[in-house]
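So that we are looking at the same thing, I have put the structure below in structure tokens.
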Amino acid sequence: MGILRGKLLPPVLAILFSALLCGVALLVSGANPLRAFGAMVSQVGQGTTAVDIVNSTGTYYIAALAVAIGFQMNLFNIGVEGQYRVAAVVAAVVGGSIVLPPGIHTLVIILTAAVVGALWAAIPAVLKVTRGVNEVISTIMMNGLALGLAAYLIGDDVFGELRGNNIRTPEIPESGWVPGIPLGSSGTVFGLVFLAAALGIGYWVMMNRTRFGFELRASGESSTAAAAGGVSAKKMIMIAMLLSGGIAGLVSMPEILGRDHTYNLNFPAGIGFSGIAIALLGRNHPGGIALGALLWAFLDKSGLALDNVGVPREIVTIMQGAIVLSVVVAYEVVRRVELAAEQRRVGRELGTVGAA
Amino acid sequence: MSASLMNPSEAPATLPPPRKSRKIPGWAVGALGVAGAVVLLSTTSYLTGVPQLTSTGTIQTAVRLALPILLAALGGLWAERAGVVNIGLEGMMIMGTWGAAWGGYQWGPWAALVSAAAFGALGGLLHAVATVTFGVNHIVSGVAINLVGAGLTKYLSTLIFFPLSNNPRESPAVPKFDTYSAAGLSDWLGRLEAEQRVGLSDVAGILRGLVTGVSPLTMLAVVLVVGSYLVLWRTRFGLRLRSCGENPVAAESLGVNVYLYKYVAVIGSGALAGIGGAALVLNPGQPGYLEGQTNGRGYIGLAALIFGNWRPGGLLGGSALFGYADGLQLRSGGATFLALVYGAVLLLAVIVVWQLVRRRWFAAAGSVVAAAALYAVYYSVDEVPSELTTYAPHLVTLVVLAAASQRLRMPAADGVVYRRG
Amino acid sequence: KDTGGNNTGSGTDNAEGCKLAAKPPAAAATSSAAASGEKVDGSALKVGLAYDIGGRGDASFNDSAAAGLDKAQADFGIKPENLKELTAAPNEPEDAKQTRLRQLASEGYNPIIGVGFAYAESLGVVAPEFPDVEFAIVDGAVEGAANVTPLLFAEEQGSFLAGVIAAYQSKSCHVGFVGGVEIPLIKKFDAGFEQGAKTAAPDIKIERKYLTPAGDFTGFQDPAKGQEAATGQIESGADVLYHAAGASGKGVFSAAKAGNALAIGVDSDQYNQTTVAESKDVIISSMLKRVDVAVYDFVGAVAKDDLASLPEVFDLSVDGVGYSTTGGKIDADLQAVLEGYKAQIIKGEIDVKDSL
Amino acid sequence: MSTTTPAVVLSGITKRFPGVVANSDVHLSVQVGEVHALCGENGAGKSTLMKILYGMQQPDEGAIEVGGRQVRFRTPADAIKAGIGMVHQHFMLADNLTVQENVVLGAESLHGIGGKARRRIQELAKSTGLTVDPDVLVERLGVADRQRVEILKVLYRGARVIILDEPTAVLVPQEVDELFATLRAMREQGFTFLFISHKLDEVRSIADSVTVIRRGTTVGTADPKAVSSRELAEMMVGSELPSPETRESTVTDRVVLRVEDLGLVAEEGTRPVLDHIDLVVRAGEVVGIAGVEGNGQTELVETIMGMRRAHHGRVLLGDRDLTRAGTLARREAGIGYVPEDRHRQGLLLTQPLWANRILGYQTRKPTARGAWLDLPGAKEDTERIVAEFDVRTPGIDVAAAALSGGNQQKLVVGRELSGDPALLIASHPTRGVDVGAQALIWDEIKKARARGLAVLLISADLDELIGLSDTIKVMLRGRLVADADPATVTPEDLGSAMTGAGAGGVGPGGATAADAPAAVEVEGD
Ligand SMILES: Nc1ncnc2c1ncn2[C@@H]1O[C@H](COP(=O)(O)OP(=O)(O)OP(=O)(O)O)[C@@H](O)[C@H]1O
Ligand SMILES: Nc1ncnc2c1ncn2[C@@H]1O[C@H](COP(=O)(O)OP(=O)(O)OP(=O)(O)O)[C@@H](O)[C@H]1O
Ligand SMILES: [Mg+2]
Ligand SMILES: [Mg+2]
């Protein structure tokens, strides 16, 4: 029950608070908040929205896991954004230019994406380890460079090909696709949503049951204590960053292998930033992140319904920001209350101190 | 055991006597840096035959592009000197752009400034509440503020600007400041520049760029940089504020109200970032608020701050570098940009000599390799691909940070959540 | 204090205009297209419009589409409640576009128009799901979907004329092009402009700058950068600038005003746009891309059930592209020249390439 | 004396923290112009009481009188106004600010922050003998100089009553003497001092009266000249004072640790931090390293542990060369490590005790199996440590932060003695630990030594060092400069060697040359 209170109460409070805040904003602007929220909820039943939410949850989930691995050791990988973009281009190019038996083809594409993402993340990692460059700044810069590199790679004189007014990489042959689960008119669930789930399980096992996870957490909690315990901070930074980048590289795989089969100019941006927010929401816990990703995807997708009721869709962004901010505040408040309670408890159980 | 103690002559005298705090004063370092940069640029410009490197227009562009970044960086300086990392600068800047358009549309450019500062400060207040009062991780709060800032302005524009501009993503046109030039000086420098004399014309071009078509905003920014220095390093208020970033516990124990100073600093930080947003809106080429117009400049400001070692002069240099690199690539494209590569080779050559003098053989060898590689690029390419030049400022930042990061010193308690008691 | 345009350094009047190529033969009086005698009744139609980023009010091609819709509504008697317009968000994922289209289709809107090539992929998915609905896509085409009408434009032809105007108006025989993002669509503008300018004045010098590479769409949203790029071109000697840079074009106008240069707008008649009113006196013309005409014609064709009447490409011959003369900077002589070139293009005597 | 108004009177002070009553009904009266010492075990509530007097914490009950007037301090600023100043147990200085900035901070209204302030600082320095350059950055100062800055800070604010919370903990005897000289001189000028120390000899030498606090309440006040240290100690704990002494030698001739010609260069400059260190520790031997903080002890330990890369030289454990091995490999080879700062280096404070048991043992039984953690094994072994080392905790699932310092330290020592290490490197193993825990830790180290453990002991507590060690080496400026025999050496001798005082006035503040102390032998000729 204590766990429930500590872990679940804060996000619930935060969501309620944010909804209230946005409700007030809506009221002020002359809209009916109940109608707006109602429209959002009923949107889930419309068309493919439910499936889109699931698909998008998968994508966000991978991005948030990538961020969370860094967070575990206080490493802020703001560069997921660039990592998944570069990985997507290269993987799409590779996938589109080779022919392999089904399965193997897919595997090669996915591995390429992971490796490229990791390599892109390796640059800030090396800079941090060898030159002490703050990873927040370097990954932000790398995001810019990623855009440039991607643009260069899909140039029609490099790897790209023209399709009407769009440019895209050569289409990946069917042997590289990952079939989804077709649900008729409600859409198709991407096959790689299960990859996201598997990554989540792997992440949990790694963090809680393996030596590596322990070392990661130890470095995050106290780099000095970890060093004294034989955990090399530099090594952990490198590995965590590579792992984070590798997972980031997979972010767009569900979409590319499940639907688009190519990288083109409509490639979505901003998933990395959402990933940061979601990792924060989920407190780096795989379950929490799943809920966070689901919430995020729900807000994203059902927010489209707001157009129908004449409410600016941007209220959703405000809500997302407000949730992140209030959830961390709520966690902090609950943490303080619990720490005091814990100390009281220890003091009481020992019954020794101060009772002179 | 025998009772002899060491012989005085054997005492290892390895500890150097405590050095004086600084050998060369900061302003002299800055002046030297500027002079060095000018010499480097004019030499490059002469050797490559690319006058744009030091033309009036390039410098003016650099100033215009650097302005928002500079103001954001200055905002970062205030917050981080008080120990609060402010990655929410981007969001505060966005709020500033909205505020500037809203105030400016109704009451003119000065009101735009005030209202931008107020909106930015609002973002700062939010950050302060989260980080100071609730002890939330500074980066986390900053990320959230970037989200909130973007969402809020979008929402408000839909409500307020749409009826005026017919576009939910844009404000109506906002009146701008007039610009000013030091007329006589500017013309004289212009003639000097046109003579194309080595060095002299370059200096003239740079100076002319700095005194021609100056907006009050630029002057304001200069005043703010100098003012920030004076306030932070020359007043009791500044001393107290900085002490909160260095050792808040000590400050508190001496009767400094750390929470209060952090609040003031972070709110001020937001206001400065907001003014940075106003600088974008009030830019002559900009009709007004436009969704997404900050385009990551808040983050770049943060980079300039770190680049500048958390000092006003340094961040001025960082922003100038950014504005210059960006301006050059926008104005003249890849061919001119290649001249900069040549400049980098020259710079590396100087560094190699320096390293040889200091007997750092490995470092010198590394620099030689880098210089050779860059020269090979310069030699083999006619034009840097545009995909690269567009993000050249990012690349330059990375390279410079990689070279200089270890010399940087951030405030000791920067980013540390402080709790009273 | 600075007044008006200041002196802009090097390269002004060293030549009073270009050495022009021989003028084209005067064109026969242009035949006004399609005598619209018959009354079209569209009162039964429910029209849905899915805009690209920016939406109605962007003073660019979305707005142009909106204008076409407004005219169609007035002319064909469509009821206002039977119109629905939705807008894309920046960086949104593919499925958001699909949801938007599906939302319109399942609410019974028919026809539905996707404004912008970004809708191509999603129409490829959604259109087959609703075989009875007539879709159209501006600036794009969807292979294999019979119910998607492509509304394509010959931007290069209009830009050719813009190039001619620039060549005739330039005193220094030096002109410039500012593109927002280096994507194929914008490259068509670039290519046509260059060909037009070179045809009119073979010795002309042309500056070219794209603000961002493909994939980084901020280049359409950064007037500050547009201004600096334009200023750079002016200082290199260009005195007539043509832009295809969306909102960044505003910066181009203001740079032209500050630098005593001239500018040519794009998409719609920018002389009349309020957001650039301050610098309208430098706008000598705009390359018109009649998205409004295409939308209007398409809605009309659906109402008449006569899609075959639509042109394959909206080019000069159907006035799908053109130039504006508002502001009076294009005198009768120049107009005659332009009409001459236009006739040559329509007749096929000049073949305007859509890439460099 | 008794007729004049006391400088400070605290009466009935009670302060409760969550789960702890730090002070309960404390009474204390301090006369003008005296040095009043405050003694008590760790956690007895001394610092808390002083923080209350200094306005940093609010008492739940009780009254404060200063100069005969009832006062209420809501912030330190109030206390400063009333003429009270405090030098904290841990330095409260901003490293990146200059001495002058540190001194004037918070008191800018007195003389501004410019030339006037600087003149005032120099004036104060002259009148009290606390000389420091106002323009130097604090980070460049040694501990003794920092202490001077701290006292200057207090004086600058015009304090007449000065609280010194364990000011001598980080000083060597010579520096202590200097400090005391200053205090005596200032006492003549009418300053009043409240002086906290665990070192009872010091208390007896400087204090005019002493108040003992036990478990948050005052036990009584005594005349320090009239009581012995032992009597004082018994007042504090109500029992016999434990002693670190180990007389019977268990030293064998099996070399466990051999350090040869070890050198380390500071990152930026070329100054060697460790300079040609040669060292041997044998099975069953405790080798103690004495030295003023900052002379390379930390670096030596961290280099032996592989946390820093040696510039040259070798480290051998038995006959295994570990010079190139990482920290983990060294631990696996059989080195246990009690780091000097348990909070920063010893523990994961928010993690449960059993997770802390894994730290440093994440590759070994019983806490791990291959790449996998063995959680049941870890928990079981944590229970064992808790039982064997008398770690006072409600369970092994509480966070390490919830334990008191002494119990945290017992956990760390217990962990590092697990798995039969061949060598234990113990840095300040009992720093800030109360008497009971201290005794237990000493005991455990002795037991392990008897089993053949080699111990490298670093400690600032010279009594501990002399009591536990079989051999003592003195470290100065990165070199081992002298050997001492714990059987004969006195703390004063050691102190001279540590400051290099014998070498002629190179000690901080120009300590005067002392005669070559007995039992300290120059190393290497
Ligand atoms: N801020 C606080 N919150 C909770 N408990 C505290 C706090 N400060 C001190 N304590 C508790 O109050 C008690 C007294 O602490 P205090 O620091 O006054 O002891 P001390 O006598 O100074 O010990 P030492 O000799 O180690 O300095 C300790 O048990 C400590 O656990
Ligand atoms: N600021 C604080 N907030 C909450 N609890 C505190 C605080 N300071 C001390 N404590 C509690 O006091 C207890 C011990 O603290 P204290 O610092 O007095 O230990 P100590 O024995 O003096 O050890 P050390 O010398 O390492 O500080 C712990 O239970 C700790 O949680
Ligand atoms: Mg204490
Ligand atoms: Mg303590």
Side-chain angles (χ1 to χ4, degrees), chain A residues 22 25-26 28-31 71 74 76 78 123-124 126-128 130-134 136-138 140-153 155 158 273-274 276-277 280 311-333 335-336, chain B residues 85 87 91 126-127 129-130 133-137 139-160 162 168 291 296 299-300 302-303 305-307 385-398 401-408 410 417 419:
Chain A
C22 293
L26 287 173
V28 170
S29 63
F71 276 163
N74 291 333
F76 285 91
I78 314 264
I123 299 173
V126 168
L127 285 179
K128 184 177 176 78
T130 62
R131 309 294 310 168
V133 178
N134 183 322
V136 173
I137 298 301
S138 60
I140 289 173
M141 297 300 131
M142 293 297 291
N143 286 345
L145 294 176
L147 275 171
L149 181 64
Y152 173 77
L153 289 178
V158 189
F273 284 105
S274 302
I276 296 174
L280 296 174
V311 170
R313 204 188 321 154
E314 283 69 34
I315 196 81
V316 166
T317 321
I318 302 187
M319 191 147 165
Q320 289 173 333
I323 288 178
V324 172
L325 205 55
S326 40
V327 93
V328 280
V329 169
Y331 273 125
E332 182 61 28
V333 171
R335 193 185 68 82
R336 283 184 195 179
Chain B
V85 170
I87 203 175
L126 202 60
H127 194 45
V129 171
T133 302
F134 287 104
V136 168
N137 179 306
I139 305 252
V140 171
S141 164
V143 168
I145 281 170
N146 289 339
L147 277 172
V148 173
L152 194 67
T153 49
K154 282 183 195 172
Y155 185 67
L156 287 177
S157 319
T158 321
L159 287 182
I160 292 173
F162 184 49
E291 192 182 305
Y299 295 113
I300 305 285
L302 200 65
L305 170 68
I306 294 176
F307 182 97
S386 64
E387 288 88 359
L388 220 165
T389 55
T390 309
Y391 303 103
H394 301 75
L395 194 63
V396 170
T397 307
L398 265 187
L401 282 181
S405 238
Q406 271 146 344
R407 289 167 190 275
L408 302 183
M410 66 150 122
V417 172
R419 281 200 69 193

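Here the structure is a predicted model, which means the values were calculated and not measured. Order of the sequence lines fixes the chain letters, A, B, ..., with proteins taken first and strands second; residue numbering starts at 1 for each chain.
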Side chain, backbone, both or neither: which part of A/V126 has a non-hydrogen atom closer than 4.5 Å to chain B?
neither
Evaluate side chain to side chain contact (heavy atoms under 4.5 Å, CB included) for B/L147 paired with A/V324, printing each intermediate quantity in order.
CA-CA 9 Å; B/L147 277 172; A/V324 172; 4.3 Å; yes
Under a 4.5 Å heavy-atom cutoff, which of B/T397, B/V140, B/V148 has the most pairs with chain A?
B/V140
Can you tell me how far OH of B/Y391 sits from CG of A/L149, rounded to the nearest 0.5 angstrom?
11.0 Å
Okay, A/A25 and chain B: the region with an atom under 4.5 Å from a heavy atom over there is both
Non-hydrogen atoms of chain B under 4.5 Å away: do they reach the side chain of A/Y152, the backbone, both or neither?
both
Winner by heavy-atom pair count (cut-off under 4.5 Å) against chain B, out of A/I323, A/N134, A/L147, A/V333
A/L147
Run the side chain to side chain contact (heavy atoms under 4.5 Å, CB included) check on B/T158 and A/R313 step by step: do they pass?
CA-CA 9 Å; B/T158 321; A/R313 204 188 321 154; over 6 Å; no
So which part of B/L159 gets closer than 4.5 Å to some heavy atom of chain A, the side chain, the backbone, both or neither?
side chain
Quick check on B/I306 against chain A: is it the side chain, the backbone, both or neither that has a heavy atom closer than 4.5 Å?
side chain
Spacing of CG belonging to B/N146 relative to CD1 belonging to A/I276, to within rounding of 0.5 Å:
9.5 Å
So which of A/V329, A/L280, A/V327 actually passes side-chain contact (heavy atoms from CB on, under 4.5 Å) with B/V136?
A/V329
A/L145 and B/L398, any side-chain heavy atoms less than 4.5 Å apart
yes
Heavy-atom contact with chain B under 4.5 Å, split by part of A/I318:
both
For A/L153, is it the side chain, the backbone, both, or neither that has a heavy atom closer than 4.5 Å to a heavy atom of chain B?
neither
With chain B as the partner, which of A/V311, A/L26, A/I123 has the greatest number of non-hydrogen pairs under 4.5 Å?
A/L26
Interchain contact, A/S326 with chain B, by part (heavy-atom threshold 4.5 Å)
neither
Quick one: what part of B/V143 sits under 4.5 Å from any heavy atom of chain A, side chain, backbone, both or neither?
side chain
Heavy-atom contact with chain B under 4.5 Å, split by part of A/A151:
both
Determine the option with the most heavy-atom pairs under 4.5 angstrom with chain A, choosing from B/I145, B/I139, B/L395.
B/I139
Side chain to side chain contact (heavy atoms under 4.5 Å, CB included) between A/I315 and B/K154, intermediate numbers included
CA-CA 8 Å; A/I315 196 81; B/K154 282 183 195 172; over 6 Å; no
Under 4.5 Å from a heavy atom of chain B, the part of A/L325 involved:
both
State, to 0.1 Å, how close B/A303 and A/M141 come at their nearest heavy-atom pair, and which atoms those are.
CB-CE, 3.6 Å
What I'd like to find out is whether the side chain of A/F76 reaches to under 4.5 Å of the side chain of B/N137, using heavy atoms alone.
yes
Can you tell me which portion of B/T153 sits under 4.5 Å from chain A's heavy atoms? Options are side chain, backbone, both or neither.
neither
Side chain to side chain contact (heavy atoms under 4.5 Å, CB included) between A/I78 and B/I87, worked out
CA-CA 11 Å; A/I78 314 264; B/I87 203 175; 4.1 Å; yes
